[in-house]
Protein chains: 2
Amino acid sequence: MSSTTTDAKQRLLEAAIEEFALHGYDHGTVRRICGKADVNVNAVKYYFEDKRTLYIEAVKEAHRARHRAMPPGGLIPPDDDPNGDPAIRLKAFIRQMVTMAVSAQKRIDHNHLLIFREISDPSEATRDIVQEFIGPHFRRLNDILRQLLPKGASDSQRHMFAFSLIGQCMHYKIAGPVIGMLISEEERRQLSAERVSDHIYQLMMAGIERAAKTDSA
Amino acid sequence: MSSTTTDAKQRLLEAAIEEFALHGYDHGTVRRICGKADVNVNAVKYYFEDKRTLYIEAVKEAHRARHRAMPPGGLIPPDDDPNGDPAIRLKAFIRQMVTMAVSAQKRIDHNHLLIFREISDPSEATRDIVQEFIGPHFRRLNDILRQLLPKGASDSQRHMFAFSLIGQCMHYKIAGPVIGMLISEEERRQLSAERVSDHIYQLMMAGIERAAKTDSA
DNA sequence: CTTACAATGAAACACGCGTTTAACTCGATA
DNA sequence: TATCGAGTTAAACGCGTGTTTCATTGTAAG
């Protein structure tokens, strides 16, 4: 059995996910990764040729790991019925994304962190990530919005709504440190995933309803 | 006359703004900066002690430069009357921010780039930047929102509206590359600063009006 | 027992970085 | 003219990085 080799490679991958999620590709060092994985620095060349390849494989592994451990609370909820109430689906979508954005600090989910980082700081692997990982979610969001927006809404109109939603959710993660400097710590605690996601939901629904009115007018 | 010294220091600052705006603090190298400024590497120690101080001074200079070259189309329009129609002020605020976000590619404005980078990728200087530069804009936005939102709206409620606005605008810059991978190039061109800012304005106003209704109910 | 080979380990290499040192230039001043 | 000091220059230092080399281990096959 080549159990040890698989173990070492797997440990290396998981350590890389954590390292790159916390520090990004550039700031992440192979020495720290190997330290976490308890393997020699040479292992990265042995198993992955170089740092760049290790990173790409780590992102892919993070993707696979997320699909493996989907329930409960996965990104694509198993009960997201395409024929369900689109408003409820939208609310759930927002809730999940905000939770990812604001709660990634306490319950550290390196797989999610890595994806967020890829979006805000693209690397050579971003094209793959977008196609394999982000694309499906973006299409699902667009499906929901298509049902909610008036029939006459154009693709670009719908996409702007999608970007508005995504932008709001991601802002709490990306600008997290700056937000912490702009408001008091006490108020920061009040911005729970529940409150924030509800706010975004109300805002989106209000905009959608307005679009419906101006469209019919 | 100490014209040459001032020249060298100024050239260093401007080169640093460009370098840090394009590559960020970590990726920016003092050697490249000195190359652009056509000065010796030691000049950064001579004039600014070290890289970090040079960076902070560069950001401050970028701030000053923006205020110097304010009209036309500056971030804080000279005609932003605190007593003017808050809806119009909001529209202008959004328009300016979106313009910064989407047009920073063609007309390279290193000063703006530097600020955006500070928000999405904080450095040691971020605390200063937030206090001196971002804070005033954030407060101005909150002044506008305070006039538009119902009296009973809490601080955190108003702040969430502010973050929603900022998040939407910044998303077009931060997730620019990913957006380019999600939609066609033709549609990408359709997302002009005018359309996007109008969309965000409509969305925000709809949300504000809904808040007013639910508040009075 | 010997061999073969995957796996590991320790050390060094080559490079770029920020930083520092020390020498040099050159105009102002006494 | 001699002196001083601000400005500038070239070279090196110390460090951390990704990467490479080469020796060593452990295990399975011949």
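In what follows, chains carry the letters A, B, and so on, assigned in the order in which the sequence lines appear, proteins first and then strands, with residues in each chain numbered from 1.
- Close to C/dA6, at under 4.0 Å from its OP1 or OP2, lies no side-chain N or O of A/Tyr47.
- Taking atom CG of A/Asp38 as the reference point, atom C1' of C/dA10 lies 15 Å away to the nearest angstrom.
- Side chains of A/Met204 and B/Leu203 form a contact here, defined as non-hydrogen atoms less than 4.5 Å apart.
- When each of D/dT20, D/dT17, C/dG18 is scored by its nearest atom to the side-chain atoms of B/Val30, the top-ranked nucleotide is C/dG18.
- If you check every strand for non-hydrogen atoms under 4.0 Å, A/Asn42 touches a base.
- With distances taken from any side-chain atom of A/Tyr46 to the nucleotides C/dC17, D/dT19, C/dA6, the minimum falls on C/dA6.
- Whole-Å rounding puts the B/Lys51 NZ to C/dT20 P distance at 14 Å.
- In this structure, B/Asp26 atom CG and D/dG16 atom C1' are separated by 14 Å, rounded to whole Å.
- Side-chain proximity of B/Thr29 to the nucleotides D/dT17, C/dC17, C/dT20 is greatest for C/dC17.
- B/Glu187 CD: more than 12 foreign heavy atoms inside a 6.0 Å radius.
- Residue-to-nucleotide contacts include a donor-acceptor pair under 3.5 Å from the side chain of B/Asn40 to the base of D/dA10.
- Counting non-hydrogen atoms of other residues, nucleotides and ligands closer than 6.0 Å to NE2 of A/His23 gives a total above 12.
- For C/dG18, its base sits under 3.5 Å from the side chain of B/Arg31 at one donor and acceptor pair at least.
- For the pair A/His27 and A/Glu49, nearest-nucleotide mapping onto DNA chain D gives the more 5' position to A/His27.
- Across the protein-nucleic acid pair, B/Phe48 atom CZ and C/dT19 atom P stand 13 Å apart, rounded to whole Å.
- Phosphate contact (OP1/OP2 of C/dT20, side-chain N/O of B/Lys45, threshold under 4.0 Å): present.
- Of the charged side-chain nitrogens involved, none lies within less than 4.0 Å of a carboxylate oxygen, so that A/Arg11 and A/Glu14 do not count as a salt-bridged pair.
- Distance B/Asp50 CG to D/dG14 P: 19 Å, rounded to the nearest Å.
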